[in-house]
Amino acid sequence: DRNDMEAAYLDSTYYLACRLDGATERNAVIKYSFRDRSVSVLYGYNVAMLRAVNVAGSVFCVLKDGKRVCRMSADGAVLSEPTRKRYFSPVNSMGSDGLKCVKSVSLVTDAPLTLVVVADGERTSIPVSASEFMQSVHVDKSGRLIGFELECDSAKCRVTPLTVRLEILSA
């Protein structure tokens, strides 16, 4: 519902407080950076008000309980606590309408995270530990439509682009 949204703009970044997943209150803030065209979502906080304040170059949101003011920091902290970060790729056919199998995913991460592989709507979560070296995560999940998600609770999490080993099973 567009009547229950609130927006703020600061330093080439647009913030939108809105309702997601059928919520009755604004439970998410979507952040879009015009600089690098990145999108991130802060989810699970009931937002009463959203304001851009140029004093500290920050965007603040007031939570529904009316007692807490949160500074949305660059590292994803709210109320000085790291928030769960979730990065995802769109589910797609990966260039082939046939059945395919994700054999493994390789990545480097400086924080522990959860790799979620989505194959035809079925989600498989795999814990991945932090390492400065490339690690290959065994997946072995099949489907026609494939997607990937990363979930992390660390204040800052750097991850290399995913390298996916894929086997086409049928055309």
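No experiment lies behind these values; they were computed from the predicted model shown. Worth knowing before you read on, the calculation uses all heavy atoms, side chains too, and leaves out hydrogens, waters and symmetry mates.
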Quiz item: At what distance, to the nearest 0.5 angstrom, does NZ of Lys100 lie from OG of Ser170?
Solution: 8.0 Å
Quiz prompt | Contacts of Ser89 that satisfy side chain to side chain donor-acceptor pair (under 3.5 Å) - sequence neighbours left out | solution = none
Quiz item: Who passes salt bridge (Lys or Arg N to Asp or Glu O under 4.0 Å) against Arg35, sequence neighbours left out?
Solution: Asp11
Quiz prompt | Non-hydrogen atoms of Glu25 and Arg19 that approach each other most closely | solution = O-CG, 3.2 Å
Self-check item: Heavy-atom donor-acceptor pair, Arg158 side chain to Asp110 backbone, under 3.5 Å
Solution: no
Exercise. State plainly whether one hydrophobic cluster holds both Val137 and Tyr87, where clusters connect Ile, Leu, Val, Met, Phe, Trp and Tyr through side-chain heavy atoms under 4.5 angstrom apart.
Key: yes
Quiz item: Are Leu162 and Val91 grouped together when hydrophobic residues (ILVMFWY) are joined by side-chain heavy atoms under 4.5 angstrom apart?
Solution: no
Quiz prompt | Results of salt bridge (Lys or Arg N to Asp or Glu O under 4.0 Å) for Asp120 - residues two or more places apart only | solution = none
Quiz item: Taking only residues two or more places apart in sequence or in another chain, which ones pass side chain to side chain donor-acceptor pair (under 3.5 Å) with Thr124?
Solution: none
Quiz item: How many angstroms lie between NZ in Lys31 and CG in Leu16, if you round to the nearest 0.5 Å?
Solution: 14.0 Å
Quiz prompt | Nearest atoms (heavy-atom pairs only) where Phe34 meets Tyr14 | solution = CE1-CB, 3.8 Å
Quiz item: Under the side chain to side chain donor-acceptor pair (under 3.5 Å) test, which residues partner Asn92, sequence neighbours left out?
Solution: none
Quiz item: What heavy-atom pair brings Leu20 and Asn27 nearest, and what distance separates the two atoms?
Solution: N-OD1, 2.8 Å
Quiz item: Taking a hydrophobic cluster as the set of Ile, Leu, Val, Met, Phe, Trp and Tyr residues connected by side-chain heavy atoms closer than 4.5 Å, whether directly or through intermediates, do Val102 and Leu169 fall within one such cluster?
Solution: no
Quiz item: Shared ILVMFWY cluster between Val118 and Val128, side chains joined below 4.5 angstrom?
Solution: no
Quiz item: Linking I/L/V/M/F/W/Y whenever their side-chain heavy atoms sit closer than 4.5 Å, directly or via other members, would Met94 and Leu99 fall into one cluster?
Solution: no
Self-check item: For Leu107, the option from Val164, Thr163, Val159 that meets side chain to side chain contact (heavy atoms under 4.5 Å, CB included)
Solution: Val159
Practice problem: Side-chain contact test, heavy atoms from C-beta onward, threshold under 4.5 Å: evaluate it for Ile30 versus Tyr15 and give yes or no. | Solution: no
Quiz item: About how many Å separate CZ of Arg165 and OG of Ser104, when rounded to the nearest 0.5 Å?
Solution: 4.5 Å
Practice problem: Please name the pair of heavy atoms, one in Ser125 and one in Val116, separated by the smallest distance, quoted to 0.1 Å. | Solution: OG-CG2, 3.8 Å
Practice problem: Sorted by first residue and then second, give each side-chain hydrogen bond (donor to acceptor under 3.5 Å, both in side chains) pair with at least one member in residues 130-145; sequence neighbours left out. | Solution: Lys103-Asp140
Quiz item: How many angstroms lie between CG in Leu150 and CG in Leu115, if you round to the nearest 0.5 Å?
Solution: 6.0 Å
Quiz item: Can you find a heavy atom in the side chain of Leu145 that is under 4.5 Å from one in the side chain of Ser93?
Solution: yes
Quiz item: Where do Tyr32 and Thr13 land on the side chain to side chain contact (heavy atoms under 4.5 Å, CB included) test, with the steps shown first?
Solution: CA-CA 6 Å; Tyr32 177 77; Thr13 304; over 6 Å; no
